[in-house]
Amino acid sequence: MRVNMRIKNLLDRFAFPVYLAPMEGVTDHSFRMVCKEKGADILISEFISSDALSREVDKSIRKMGFEERERPFGIQIFGHNEASLIAAAQMAEEAGPDFIDINWGCPVRKVVTKGAGAGILQDIPKMVALTSAVVQAVKLPVTVKTRLGWEQSNKPIVEVAERLQDVGIEGITIHGRTRAQMYGGEADWTLIGQVKENPRMNIPVIGNGDIDSADKAIAYQKRYGVDGIMIGRAAIGNPWIFQDIKDRLSGLPIKAPTYEERVRTALGHLQVAIEEKGERRAVLEMRAMYAGYFKGLYNFKSIRMQLMKADTMEECQRIMALYSPDKPSDFNA
Ligand SMILES: Cc1cc2nc3c(=O)[nH]c(=O)nc-3n(C[C@H](O)[C@H](O)[C@H](O)COP(=O)(O)O)c2cc1C
């Protein structure tokens with residue numbers, strides 16, 4: 001069968017394609033922009049419920065929004081019902097992304113019990129049929145993000161990847177864990193490597209799971225031969241990881257961001273988030289990012305405690321200005 005190469009062509013634009021992983025509640029427009037600026041090549045929306053999208057729920061429609069600067073950009077949908085998956089994929093197509101990604105990897109109970117996300121790994125024929133229906137319903141390339149399998153004794157990813165390729169997906173991202181592992185233990189990349197080694201596989205294979213440094217990204221890409229790397233949790237509050245990879249590949253030393261750069265990045269992120277969802281919510285949600293943005297700073301704890309209580313951007317700015325990296329203090333405002 002003829003394999004479409006649109007995702008492959010898209011990846012060929014990058015010497016070492018690095019994706020920012022889709023993360024519900026994290027990778028909204030504001031955070032994606034920060035990561036893009038720091039060198040993430042390919043971005044994907046948070047996962048969007050196909051049921052909600054097909055019912056035209058406002059919040060889900062808004063989640064499809066992106067800026068031109070975010071390209072190449074994928075919209076990720078999840079679901080279990082063929083009609084809603086098709087309707088959602090067609091709505092996503094109209095939003096004009098570069099590709100549509102189907103989430104067959106989410107391990108959360110309320111998703112899997114319906115047979116969506118990683119729940120589908122218990123019914124591979126249905127996974128193949130639903131994926132095929134989505135591929136047939138849109139003109140855009142369709143990719144899949146999934147896990148190794150349902151549990152330790154059931155890791156059919158090598159066969160699954162091939163079957164999904166045969167129904168027309170153009171790329172696959174594999175998180176090296178089973179559903180049963182949730183986010184525990186260590187990601188196992190050996191099966192990801194085996195998918196890539198399968199001589200029948202032609203589509204790009206993206207490796208995902210536990211990449212937390214530039215050195216690890218480069219080592220794993222080499223060791224397992226994947227066509228790209230996807231980084232999730234390690235980018236939360238540390239978008240510099242993308243720049244680190246680029247610096248390493250160019251033979252440049254990795255520089256830790258200065259305090260000024262951390263403040264500029266955090267406030268830039270906050271500013272875009274405020275424009276998107278209002279000051280109150282944006283400031284509240286930023287609290288989850290401070291541990292990352294200001295990681296490793298000597299004696300920063302009291303400043304962080306104050307940031308956790310701030311309600312406005314102005315307050316955040318004022319509190320951040322209290323810290324001096326040269327003269328760290330336990331200043332209490
Ligand atoms: C808070 C959070 C939200 C996530 N939301 C999604 C999601 O919406 N869609 C998805 O495919 N994966 C989601 N994931 C999984 C990540 O994309 C990624 O596969 C996983 O975190 C493993 O990669 P990492 O070790 O680099 O974090 C989420 C993970 C986290 C921690």
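Remember, it's 1-based here, ligands and their atoms both numbered in the order they're listed.
Listed by chain and number, residues touching ligand 1 at under 4.0 Å (heavy atoms only) are Ala21, Pro22, Met23, Glu24, Phe47, Gln76, Asn103, Lys145, His175, Tyr183, Asn208, Gly209, Asp210, Ile231, Gly232, Arg233.
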Report all side-chain donor-acceptor pairs from residues 7-21 shorter than 3.5 Å, counting only partners two or more places apart or in another chain.
{"residue": "Lys8", "atom": "NZ", "partner": "Asp12", "partner atom": "OD2", "Å": "3.3"}
{"residue": "Asn9", "atom": "ND2", "partner": "Met5", "partner atom": "O", "Å": "3.3"}

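Ring pair Tyr323/Phe300 is perpendicular by interplanar angle, where above 60° counts as perpendicular and below 30° as parallel.
Listed for the Arg179 side chain is no donor-acceptor partner under 3.5 Å among the backbone atoms of Ile120.
Phe66 has its ring centre no less than 6.0 Å from the ring centre of His29.
Rounded to the nearest 0.5 Å, atoms CD (Glu70) and CD1 (Ile44) are 12.0 Å apart.
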Criterion side chain to side chain donor-acceptor pair (under 3.5 Å) on Ser30 and Asp28, from CA distance to verdict: CA-CA 6 Å; Ser30 60; Asp28 59 8; 2.9 Å; yes
